[in-house]
Amino acid sequence: MDFNPDDEDILLTGNAGRWVSQSYDWMQRQASVAAGGFDAGVWRNMAAMGWLAALLDEEIGGLGLSLGRFVLLMTELGKGLVVEPLVTNAVVCAHVLNCGAGKATALAQSMASGEAVLALAARERGDWGESAVSARRVDGGWRLEGRLAMVPDAAAASHYLVAAEADDGPAVFVVARDAPGLRVAAFGLVDGRSAADLGFEGVTLAEPARLLSGSAAQLAVEQAVDRGIAARLGELVGGMEACLEASAAHLKERRQFGQPLASFQALQHLGADMFVDCYQARSMLYYLLSRLDTETEAQAISEAKLLIGEMAGKVTANAMQAHGAIAFTEEFRIGHFYKRVLATQKLAGDEDFHHARLARSKAGLPCST
Amino acid sequence: MDFAEDPDDLRFRAEVRAFLRQALPDALATRTREVSFLCNNDDVLEWMRILAGKGWLVPFWPVEHGGLGWTPRQQYIFEEECALADAPETNMQCLRMIGPVLYTFGSDEQKARFLPAIRNAEYTWAQGFSEPGAGSDLASLATTAEKVEGGWIVNGQKIWSSGAAEARWAFLLVRTSREARPQAGISFMMTPLDAPGVTVTPIRQYNGDSHFCEMFFDNVFVPDDLLVGEPGKGWSYAKFLLDHERTSSAFIYWAKRQIGRTGELLEAMRGHLAEDVAAAFARRIVALRTLVTAQEWSVLRVIANESSGWHPSAIASSLKITGARLQKGISGLQADIIGVKGLRAIAHGEHAAMREGNDPLWPHDIAGVTSLALIMRAATVYGGSEQIQKNIIARAGLGF
């Protein structure tokens, strides 16, 4: 076992770390939030770094990198609290496109270049209410009806990969933003990303727009969402470590009662608690990396989401406590790490969802053989 | 020991309930249910004026200043019923801070000038205590007041002043001299917020609200008659406030209303939730409600003047700690119950539209819930951090 990063890891993470310092400082990040979770210049930048093409199969114009490397990349980007839909495009939608087996090569290449911006439009795990899209066969193609609430990262998308229930089973359709009958009502999420309610009022598509069908469609979407989680967990680990570093620096610098806050044992222990949780979270992340692209990938993702999510919640909360009142302002970045954890915890299945999924899987129960 | 409820108090509770049913406008209650921390100042003043009209704005003040001589238990019942009815919280800075400081330490002229305006709810006040460099260590505050002919020149900066943008007046702790003991050089002054040299800037919070403000003082003239009491005694007046308010940091009325609201939210969401998920939420509500009960009985002990052997400061700090846990726990559970849709950033200005919109995908029950949970993370920071409260308990309670 080798836990030291290899040259390619270093190249990728080094680039990302430098990119955050130079091209995505706090001012840029807030500008991206103000622009609705998407800055075109930043996006072009990301495309130029090769990140959008990273996980697309080489056959359809991608770099064919492993998800594990991308997760490590995300640990660096996690320090920057990126709001642009990198994970949604480069991980989630890329997986669906890969499963499309060459049916969407043009779209994949367009996404890789940064021209097309995608979002996966599927019913959010754990959501309630009538959030569904049906697809009925019509002459020459399909007709989509329905509503999907709160599709993450949907506001900047030029194309949606829509998970719908067709006459003959589950399916994934490619729908352009300007398709007649498609209504997009955009808004922001508490962590700075965008989302939108999508309304499908008789959106008519030609047959080639159906990218996937049947159980392959269902599986592709499930896997895509799961793999997106893995990337987000890398982001959380990076964010936690940024919070630890910032909190330690703050406690050493800030003085009250004639001494640095770091001289108070209660706060030393608070820092120690953060250290413990960060270390364990990164350990869990490495366990997750070891299981990606194996048959226990889904289970490991659920386990890691539970553990890393919990640790990230504790670390970011402690970081806010360490920084005091300023952590609750919009201008200061610390509180925003907490909000990112909140979003990651609830999206793609909350704790109940992943507990239940693990309980259902035989391997998930500790006593099962 | 006698835990029986006084029959007069039961009658009093019924009287208060009847008054609230008749006098609290529905629109105010509806808007109060959606707030994340502070009600709109107009709503606060509207409610304070309704109470003033009934003579119930300052019932806990000494009778000679407009109080009603209610017992602490009656005051508790009144505040609890107001909270349960979703009445806006009154401006604490007026009623529980500057008011009591003035009727205790103020000159006759100051009492005559300011107390009637407070009793009539003419305007709200803001508190200027904390500074960027003086948070937990408030005594190290650096806003200075230099003596000049007829008054003082104040220079400095205050921060985290709740409601200062809507307030008309502020009371400040300022440094009037440098002493060996920093507390001994602090004075208590008042200023209108439209005085030349005063700038009030709301601070944008990470949950979308902007209740807290910075107040900048650039050569602000404060006349002698706006100094309260004696120079150098300001710290003792601030301490008086702390000793005077032993249970307000327990947030018990908030907790009682909000644990009920949590149950209401669960019922609103129940149709959408799997049975086992709803059952798990119900269990969490039970656990928190038990803690609310314990908190309530802790508060009752204090207001009944139980002759416990413990130092009152240690008890007050203990209530603050358990109160903050309830604030975080209850608001966090509410955010969990509304699920993933709680991630939507909903500005306060959108609440009315959500209420009227009747969109089944966006029930307006969720308005304000996440914003509240986010700012409640600060419950262990404001009013004295959890670490400071534990220090007080260790020192005053346990003699460490």
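A, B, ... follow the sequence lines: proteins, then strands. Residue 1 opens every chain. For clarity, every value in this text was computed on a predicted model and none was experimentally measured.
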- line: Interface check, chain A: of B/K341, B/M269, B/K390, most non-hydrogen pairs under 4.5 Å belong to B/K341
- prompt: Should the heavy atoms of other residues, nucleotides or ligands under 6.0 Å from CD of A/E331 be counted, would the total exceed 12?
  reply: no
- prompt: Should the heavy atoms of other residues, nucleotides or ligands under 6.0 Å from CD of B/E89 be counted, would the total exceed 12?
  reply: no
query: Between B/A280, B/A378, B/G339, which residue shows the highest count of heavy-atom pairs closer than 4.5 Å to chain A?
result: B/A378
task: Please look at B/T370 and chain A and tell me whether the side chain, the backbone, both or neither of the residue comes under 4.5 angstrom of a heavy atom of that chain.
output: side chain
Most chain B-contacting option - heavy-atom pairs closer than 4.5 Å, from A/E351, A/M320, A/H336, A/R125: A/M320
- prompt: What is the distance from atom CG of A/L270 to atom CD of B/E386, rounded to the nearest 0.5 Å?
  reply: 9.5 Å
field: B/W362 and A/F187 aromatic centres sub-6.0 Å
entry: yes
- request: Would you mind checking if B/D336 and A/K346 are paired as a salt bridge, meaning a charged N to carboxylate O distance below 4.0 Å?
  value: yes
- prompt: A/R254 versus chain B, heavy atoms under 4.5 Å apart: side chain, backbone, both or neither?
  reply: side chain
message: Quick check on B/R270: does its CZ atom have over 12 non-hydrogen neighbours (other residues, nucleotides or ligands) under 6.0 Å away?
response: yes
statement: Counting heavy-atom pairs under 4.5 Å with chain B, the top scorer among A/D197, A/L342, A/D352 is A/D197
- prompt: Who among A/G192, A/A317, A/A325 has the most heavy-atom pairs with chain B under 4.5 Å?
  reply: A/A325
task: Select, from B/N391, B/L343, B/L374, B/V277, the one with the greatest count of heavy-atom pairs under 4.5 Å involving chain A.
output: B/L343
A/D191, part contacting chain B, at a heavy-atom distance under 4.5 Å: neither
field: Considering all heavy atoms, the nearest A/K339-B/Y206 contact
entry: NZ-O, 2.6 Å
field: Whether B/Q387 side chain and A/A266 backbone form a donor-acceptor pair below 3.5 Å
entry: no
- request: Tell me, for B/I346 versus chain A, whether the close heavy atoms (under 4.5 Å) come from the side chain, the backbone, both or neither.
  value: neither
query: Does A/Q256 use its side chain to pair, donor to acceptor, with the backbone of B/S136 at less than 3.5 Å?
result: yes
Most contacts with chain B, counted as non-hydrogen pairs under 4.5 angstrom, among A/Q345, A/R255, A/M150: A/M150
- prompt: Is it the case that B/S385 and A/Q321 place a side-chain donor and acceptor less than 3.5 Å from each other?
  reply: no
task: Name the option with the most non-hydrogen atom pairs under 4.5 Å to chain A; the candidates are B/S371, B/A134, B/A347, B/P182.
output: B/A134
- request: Name the option with the most non-hydrogen atom pairs under 4.5 Å to chain B; the candidates are A/G188, A/P152, A/S131.
  value: A/G188
field: Within 6.0 Å of CZ in A/F264, more than 12 heavy atoms from elsewhere
entry: yes
Which portion of A/D350 sits near chain B, non-hydrogen atoms under 4.5 angstrom: neither
query: Quick one: what part of B/I203 sits under 4.5 Å from any heavy atom of chain A, side chain, backbone, both or neither?
result: side chain
- prompt: More than 12 foreign heavy atoms under 6.0 Å from NE2 of A/H355: is that the case here?
  reply: no
query: Do you know which two heavy atoms are closest between A/A149 and B/L361, and how far apart they sit?
result: CB-CD1, 3.8 Å
field: Which atoms of A/L261 approach chain B - backbone, side chain, both or neither, heavy atom under 4.5 Å
entry: neither
field: Contact class of B/I388 relative to chain A, heavy atoms under 4.5 angstrom
entry: side chain
query: Does CD belonging to A/Q259 count more than 12 external heavy atoms closer than 6.0 Å?
result: yes
- line: Of the listed B/V381, B/D209, B/V340, B/T380, the one with the largest count of heavy-atom pairs under 4.5 Å with chain A is B/V340
